[in-house]
Each structure stands twice: as C-alpha cells, then as structure tokens.
Protein chains: 4
Amino acid sequence: MPRKPNTEARRGEIVRALQSVMAKHGYEKATIQAIAKEAGLAPGLLHYHFSSKQEILVSLVTALADYGQRRFEQIAGTAQSPMERLTAYMEARLGLGDGAAPEVVAAWVMIGAEAVRQAEVREVYQRTIATELELLSALLANCLSEHKRATTGARELAAALLAMMEGAYQLASATNGVMPAGYAAQSALRFAKLSLDATALESGA
Amino acid sequence: MPRKPNTEARRGEIVRALQSVMAKHGYEKATIQAIAKEAGLAPGLLHYHFSSKQEILVSLVTALADYGQRRFEQIAGTAQSPMERLTAYMEARLGLGDGAAPEVVAAWVMIGAEAVRQAEVREVYQRTIATELELLSALLANCLSEHKRATTGARELAAALLAMMEGAYQLASATNGVMPAGYAAQSALRFAKLSLDATALESGA
Amino acid sequence: MPRKPNTEARRGEIVRALQSVMAKHGYEKATIQAIAKEAGLAPGLLHYHFSSKQEILVSLVTALADYGQRRFEQIAGTAQSPMERLTAYMEARLGLGDGAAPEVVAAWVMIGAEAVRQAEVREVYQRTIATELELLSALLANCLSEHKRATTGARELAAALLAMMEGAYQLASATNGVMPAGYAAQSALRFAKLSLDATALESGA
Amino acid sequence: MPRKPNTEARRGEIVRALQSVMAKHGYEKATIQAIAKEAGLAPGLLHYHFSSKQEILVSLVTALADYGQRRFEQIAGTAQSPMERLTAYMEARLGLGDGAAPEVVAAWVMIGAEAVRQAEVREVYQRTIATELELLSALLANCLSEHKRATTGARELAAALLAMMEGAYQLASATNGVMPAGYAAQSALRFAKLSLDATALESGA
DNA sequence: AATGAATGAGTGTTCATTCAT
DNA sequence: GATGAATGAACACTCATTCAT
C-alpha cells in the first residue's frame with residue numbers, strides 16, 4: 001500500500017512560507033527554521049522537498065511571475081481596446097485596490113536584491129523582467145498602431161515604465177509616509193498617455 | 001604624548017571598504033573580516049571605530065547621500081536656468097558619462113533592500129529619499145513657476161521620477177542586456193518635459 | 001493468501017548495494033538513501049529487512065567471507081598437492097586474473113576501518129580473520145608435513161602472509177601507480193616458498 | 001601593542017587532538033566539537049586556524065610522515081652497516097619497544113581508509129607511501145650491493161614488505177588476540193633476509 | 001511487503017563581537 | 001590605536017530511523 005506523493009502540495013506550502021518570511025525579514029534572515037515554522041513543518045522536511053534554500057527562492061520567483069500574470073489577465077478580463085488593456089496592466093501592477101498584496105511586493109523587492117548577488121536567481125529574475133518588458137512593449141505598441149502611429153519607441157517607453165514600477169515597489173517597501181499617496185499608478189498611466197500622444201504628434205506627417 | 005587621532009580617516013576607509021564589498025556580495029556576505037581585508041586593516045580595529053556592523057552601514061548611507069549631493073552640485077555647476085538645473089540633476093543621477101559609478105549604484109540597491117528589514121537603516125534611508133524628493137520637487141517647481149504655471153503637481157511628478165530612478169538602479173544592477181541602452185536618463189527627462197508642458201497647458205487659463 | 005516471502009532475496013540485493021556504494025564512498029557516506037537507490041528500492045524498505053544500517057554491514061562482512069571461501073574452493077578445484085592448493089589460495093586472494101574484484105577489495109578495506117571503530121563489526125571481522133588464519137596455517141602446515149618438516153612456525157608465517165594480503169588490498173585501493181605491478185601474489189608466494197624451504201633446512205636434523 | 005601570532009602552536013595542538021580522537025573513533029566521528037574538546041579549545045577556533053576539517057586531516061598525514069621519519073632516524077642512529085640500518089627500520093616501523101605508539105598506528109589506519117575516499121587525502125597519502133617505498137628500496141639495495149649482488153628486485157621486495165607493514169597495522173588495530181604476538185617485525189626481517197640471500201644465490205654466477 | 005513522507009538530532013562552517021596583548 | 005586570537009550562537013544541510021498509508 002504505497003503512500004501517495006504530496007510533494008507538489010508541500011512545495012507550494014514551502015514556497016508560500018518563504019514569501020511570507022522574506023517579505024518581513026529578507027532572504028538571509030529567512031532561515032530554514034523560520035520558513036519551516038511559518039509552514040508548520042519540520043525543518044528537515046524542507047530539504048526533502050527542495051535540494052537547497054536557493055531552490056526554494058528560485059521557485060518563489062517563478063511563482064510570483066505566474067501570480068503577476070494571472071492578476072493581469074484577471075483584471076484585463078473583458079477589456080477590449082488596447083488602452084483599456086494598458087490601463088488594466090497598470091492597475092494590476094501598481095493599483096491599490098482589491099488584491100494589492102504588500103507581502104508580494106516586499107518579497108519581490110527582496111528577490112531583486114538577491115538577483116544582484118546570486119547568479120541563479122539573477123537568471124530567472126532576468127527572464128521575468130524580460131517577459132514583462134515584452135508584455136508592456138506589446139501593450140504600448142498596440143495603443144500606437146491602433147492610431148496608425150510608428151511603434152519604434154515602444155520598447156524604450158516600456159523600459160522606463162517598468163523601471164518606475166520596480167522603483168515604486170522598492171520605495172513602497174522601504175519608506176513610510178514619504179511618497180505621496182497613490183502617485184504610482186496614476187503617474188505611470190499619465191506618462192504613458194503623454195508619451196503615446198507625443199509620439200502621435202511627432203510621427204504625424 | 002598622545003598620537004594624532006586618525007579616527008575620521010579610518011572611519012572613511014572602513015565605510016568605503018563596506019561599499020566595495022557590499023556592491024559585490026550584498027550586506028550579509030559583507031563580513032567584518034571581508035571589509036577589514038578590503039580596507040587593509042585588522043578585523044578587530046573595525047569594532048574600535050564602529051560599535052557595530054550596522055553602524056558602518058548607516059555611515060555608508062549618509063556618505064552616499066553626500067556623494068550624490070556633491071555630484072549634482074558639481075554637474076549643475078554654472079547652470080543658470082531651472083531647466084538646465086533639472087537636466088543636470090538627471091545627468092547626475094542617471095547619466096552614463098564621467099563619474100557614473102556602478103559600484104555606488106549596486107551598493108545603493110543593497111542598501112535599499114536592507115532598509116526594508118532594518119529599522120535603523122530604514123530611518124536614514126527614508127531621510128535621504130525625503131531630501132531627494134524635496135530637491136527634485138523644487139527643481140520641477142522652479143521650472144513651472146518660471147513660466148508662471150501652477151506648481152501643485154510638482155511633488156507627484158517628482159515622486160514618479162524618483163521611483164523611476166530607483167527602479168533603473170535596481171534593473172541596472174540585476175540584469176544584463178535586458179533593458180534598452182541608455183533609456184533611463186533620456187526617458188526621465190522626456191517624461192519631465194512632457195509633464196511640465198502638459199501642466200502648462202492644463203493650468204493655462 | 002500470503003505472498004511468497006522474498007526477504008532473503010531482498011536482503012541479498014541490499015547487501016550487494018551496500019558493497020557497491022561503500023567501495024566508492026565509504027561507510028559513513030553510504031547512506032540509506034544511497035543504498036536504496038543503488039538497489040532500486042524505496043528507502044523505507046531497508047529498515048523492514050534490516051533493523052539498522054550496522055546490521056547490513058555485518059551481513060556484508062559475512063557475505064564477503066563466504067565469497068572469498070567460494071572463490072578459493074573454485075580455484076583450488078582439482079588441485080591435489082598441498083603446494084598446488086597454497087598456490088591456488090594466493091591466486092584467489094591476490095591474483096589479477098578472472099574474478100579479481102576491485103569493488104570487493106575496496107569494500108573490504110572500508111570494512112577493516114569500520115572494524116577498528118565498531119565493536120559489533122570488529123567481532124565478525126575478527127572471526128573472518130581468524131578463520132582465514134586457520135585456513136592459511138593449515139595450507140602451510142600441509143606443505144611442511146608433506147616433506148616431514150616441523151609445522152611449528154606455520155602460524156607465524158600465515159600471520160605474516162595474511163598481513164601482507166591485507167596491506168596489499170589497502171595499498172591497491174588507496175594508491176595509483178605507486179606500487180609495482182603484480183608484486184603481491186608473486187612476492188607472497190615467493191616468501192612462502194623461501195620460508196618453507198628455510199624451515200625445512202632449519203628443522204632438518 | 002599587537003598580539004603575537006600563535007597559529008603554528010595552535011595548529012599543532014589541533015592536529016594532535018585529531019590524531020587522538022581519530023584513533024579512537026575514526027574520521028567521520030572525529031567531529032569538530034570532539035576535536036575541540038580534546039584540544040581544550042572552542043569549536044569556532046578550529047576554523048580560524050584551519051579552513052576545513054579536511055585540511056586538519058591533511059596536516060595530520062604530513063605530521064605522521066614526519067614522525068615516522070624522525071623515529072627511524074633516531075633508532076637508526078649509530079647504525080653503520082646496511083643490514084643494521086634495515087633492522088633499525090623494521091624496529092622503527094613494526095617494533096613493540098619504546099615509542100611504539102598504538103594511537104599513531106590506529107590513526108594511520110583510519111587515514112588509509114580516508115585516502116580511498118578523499119582525493120586530497122589520497123594525494124598526500126600516496127606521496128608518503130611513495131617516499132616510504134623509496135626509502136625501503138634504498139635500504140634493501142644497499143644490503144644487496146654491499147655483497148655485490150644485483151639490486152633489480154629491490155623495489156618489488158620493498159613493496160611486499162611495505163604491504164606487510166600496512167597490513168600489520170590494520171590487523172593490530174582491528175583485532176585482539178587473533179594474530180600471534182610479535183610476529184610482524186620478526187617475520188618482515190626474516191622475509192627480507194631470506195629474499196636477500198636468495199637473490200644472492202640466484203644472481204651469483 | 002512496500003512506499004515515500006516525516007522527524008529531529010547532529011554536522012561542518014560562518015561570523016559579529018570581545019578581549020588580552 | 002592596533003592586532004589577531006578567541007568565543008559561541010547561529011546557519012544550511014545530512015541522515016538513520018520511524019510511520020501512516
């Protein structure tokens with residue numbers, strides 16, 4: 001009577017526990033003991049399901065990337081026009097409404113710092129950023145081409161907006177009451193619209 | 001016959017050593033031994049000049065804030081018009097020319113991550129961010145008032161640009177070849193100008 | 001309807017797996033997981049068939065003793081004269097021909113080290129050595145008495161040859177290219193003959 | 001007022017402590033805690049003076065090689081003739097008199113087992129064995145050439161005697177009361193003499 | 001018989017901090 | 001001021017053994 005494997009479920013629990021602990025205390029202080037306690041598991045079990053602490057972190061990065069993807073798709077939902085989809089994207093990434101998850105944001109900021117140090121983390125972090133850049137570029141290009149404008153600058157614009165998003169996460173996690181309330185989603189969208197309009201004017205023959 | 005105190009010089013050496021090591025390996029891996037080696041000093045000496053490792057880190061935050069201040073003032077130099085000063089600021093913060101210091105940027109990103117975790121670091125990090133926000137707000141407000149426009153939105157605009165700067169630091173440190181070359185300074189200035197112009201139009205009676 | 005017990009077969013598989021892993025990585029690094037993997041079994045099963053890891057080791061010692069016994073008997077085969085049987089013994093223990101098993105030798109060396117540390121292993125190891133000493137003593141005594149010589153020194157001679165064999169195993173396992181090729185079987189037999197001859201002369205009245 | 005380095009002294013203490021613990025419990029069970037306790041030092045200090053446990057072991061191998069060298073030279077002392085020096089060598093390696101050190105022997109047996117597993121240990125172990133083989137070859141060759149005999153077989157003879165020595169160490173450490181008392185030094189010398197004489201007869205034209 | 005998850009004590013190693021010199 | 005040894009509490013990871021299924 002063999003036992004049913006439950007590794008996938010356990011791995012999920014462990015990854016979620018890392019997210020929680022890391023959001024509060026950073027990666028180095030997210031010890032195996034602390035993660036295990038958060039997950040309600042014996043410490044040794046973590047190394048049964050993952051071969052190293054870094055592997056848990058890498059799993060978390062991909063889990064957060066998936067989460068972001070789902071959140072966007074859910075909010076984009078019925079959006080039809082390119083502009084509606086762009087707005088949905090900003091809401092999904094920077095909005096303060098339902099589903100805004102400060103823990104996810106803080107964990108992501110910690111991951112960004114680890115990506116500077118650990119090559120393996122950097123690799124998967126970079127892939128996530130690259131994917132995000134593609135997605136945002138495409139959304140912007142759609143807005144441009146809808147009005148028959150040149151899409152040449154879409155990538156630089158996307159890069160700038162992406163940087164703004166990452167910076168907003170960082171500042172939201174590391175400061176209290178310094179930044180104006182709700183500036184991020186609003187400003188990002190404003191920048192996007194101004195740039196799209198300016199592009200329109202510039203490229204207009 | 002007491003020796004000439006050299007504490008200030010020593011403290012400076014130690015802080016610079018922390019910056020170097022931290023840029024490469026992050027704060028947790030910047031051990032007292034590693035910092036001492038980088039500085040060419042005996043490990044025990046670090047705790048003579050600083051009471052804790054965290055105190056070195058706090059000193060580094062203020063040192064980097066001062067460095068940023070000096071770099072701006074130097075580049076701003078003879079700039080006269082508000083717009084020239086704003087351009088000088090962006091160059092100082094995001095420019096790729098002389099004095100662009102990737103080590104400083106990487107160290108600053110690591111500090112940002114520590115600010116999420118350590119209250120004492122967060123405190124001085126927040127002050128630095130707040131000062132920066134004031135500076136950038138003032139530069140933008142000057143541009144606006146030069147043309148007799150309302151300065152109401154200057155702070156939000158400054159916040160968004162600041163976020164973009166921090167995000168650009170993060171992405172520059174944690175990715176290679178993903179972001180378009182030189183997008184940051186260019187885009188930030190473009191956003192600033194578009195926003196200033198738009199403000200002008202909006203607030204125009 | 002009870003299943004057909006396969007415990008004996010399973011125990012054999014497990015013991016053989018320990019031999020393989022131990023030859024490569026030593027006893028301490030021969031983990032239950034590694035043995036199970038080598039045997040193609042689930043880790044938990046090992047503790048169903050054996051009550052402890054040490055018990056597997058003890059089984060291996062007796063298995064190797066049996067193996068050595070069989071190998072000698074097979075090679076001795078049709079040998080009739082005492083000298084032929086002695087030669088067969090040396091071939092079985094030190095020969096490089098068919099059936100020379102480096103894995104067995106390496107495992108035996110590891111067992112020898114464990115015998116120093118673990119009383120229970122030492123006990124069965126000692127018994128094996130004692131049996132071997134008796135066997136070799138008898139072979140030598142037969143050679144002596146065939147020529148009507150005193151057999152007094154047979155035991156000391158056997159002890160010395162046994163030591164040489166064990167040392168040859170050790171050096172074969174722990175060195176590469178240091179020892180002259182094929183020195184062991186040859187030298188042991190030469191020593192035996194010289195000693196037998198010398199005994200003959202000495203005891204000849 | 002800088003502190004005087006005492007690393008060399010401490011390293012010696014630590015290596016001696018490893019020897020003691022290892023003789024009793026083997027290498028794997030010679031934990032850093034156990035070694036530290038034996039040496040009367042704090043566990044952390046061991047990694048201040050050595051970068052790893054393996055490095056302590058490697059130091060022990062060379063220390064034991066030096067010890068053996070000194071013991072031979074001391075016993076050889078005033079020995080003049082080649083045969084006297086050969087006898088001194090056997091006494092130094094296998095004798096039971098003053099200075100016979102069962103702890104050293106047991107530690108050496110444990111080292112032999114580790115040499116099978118750890119490449120770095122094997123390297124230094126092999127060098128020691130090779131040096132020993134050279135020494136013994138030279139001693140035997142001197143005996144042969146003194147009587148104007150061919151020295152061709154000296155190396156094989158040395159190898160066989162070396163194997164006997166290593167095997168005697170193993171059996172002395174892992175068995176009690178099985179092996180005849182004092183067989184080793186006596187038999188080794190006897191083998192050497194018989195072989196030398198036989199060589200003499202064979203090569204005599 | 002068999003499975004594979006679970007446990008928890010133990011390992012080598014790291015490291016901020018202290019302190020005698 | 002300066003040195004480098006010393007401390008001891010972490011840490012990630014390992015592993016024999018147990019146990020529910």
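Across E:dA2, F:dG1, F:dA16, the shortest atom-to-atom separation from the side chain of C:Thr31 is found for F:dA16. For A:Thr7, taking side-chain heavy atoms from C-beta onward, the closest of the listed nucleotides F:dC15, E:dA5, F:dG1 is E:dA5.
Position along DNA chain E of the nearest nucleotide to A:Leu46 versus C:His49 favours C:His49 as the more 5'-ward residue. For the pair A:Ser51 and C:Pro43, both in contact range of DNA chain F, the more 5′-proximal nearest nucleotide belongs to A:Ser51. Residue D:Asn6 is the one, among D:Asn6 and D:Gly44, whose nearest nucleotide of DNA chain F lies closer to the 5' end (criterion: closest heavy atom). Nearest-nucleotide mapping onto DNA chain E: of D:Ser52 and A:Ala42, the residue sitting toward the 5' end is A:Ala42.
Between the CD1 atom of D:Ile14 and the C1' atom of E:dG12 there is a distance of 14 Å, given to the nearest Å. Here the C1' atom of nucleotide E:dT3 and the CG atom of C:Leu45 are 8 Å apart, to the nearest Å. Atom CD in B:Gln54 sits about 9 Å away from atom P in E:dT17, given to the nearest Å. Between A:Ile35 atom CD1 and F:dC11 atom C1' there is a gap of 12 Å when expressed in whole angstrom units. Following rounding to the nearest Å, C:Tyr27 (OH) and F:dC15 (C1') show an atom-to-atom distance of 12 Å. Between the C1' atom of F:dC15 and the CD atom of D:Glu28 lies a distance of 12 Å, rounded to the nearest Å. Straight-line distance from the OH atom of B:Tyr48 to the P atom of E:dT17: 18 Å, rounded to whole Å. Distance NE2 (A:His47) to P (F:dA12): 8 Å, rounded to an integer number of Å.
E:dA1: no Watson-Crick or G-U partner with both key distances under 3.5 Å is found in any strand. Of all nucleotides present, only F:dT3 satisfies the Watson-Crick or G-U wobble test against E:dA20, with each distance under 3.5 Å.
Between E:dT21 and D:Lys4, no contact under 4.0 Å exists linking OP1 or OP2 to a side-chain N or O. Contact between the side-chain N/O atoms of A:Arg10 and the OP1/OP2 oxygens of E:dA6 is found at a separation under 4.0 Å.
In this structure, CZ in A:Arg127 is found 9.0 Å from OG1 in A:Thr62, a value given to the nearest 0.5 Å. D:Tyr125 OH to D:Ile111 CD1: the interatomic distance, rounded to the nearest 0.5 Å, is 9.0 Å.
Taking the P atoms as reference points, E:dA1 lies 23 Å from F:dT21, given to the whole Å.
There is a side-chain donor-acceptor pair under 3.5 Å between D:Glu103 and D:Gln19.
B:Glu13 and B:Arg16 are not joined by a salt bridge, as no carboxylate oxygen comes within less than 4.0 angstrom of a charged side-chain nitrogen.
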- Message: Run D:Glu28 and D:Lys53 through salt bridge (Lys or Arg N to Asp or Glu O under 4.0 Å) and show every step you take.
- Response: CA-CA 10 Å; D:Glu28 298 282 340; D:Lys53 192 182 156 187; 5.3 Å; no
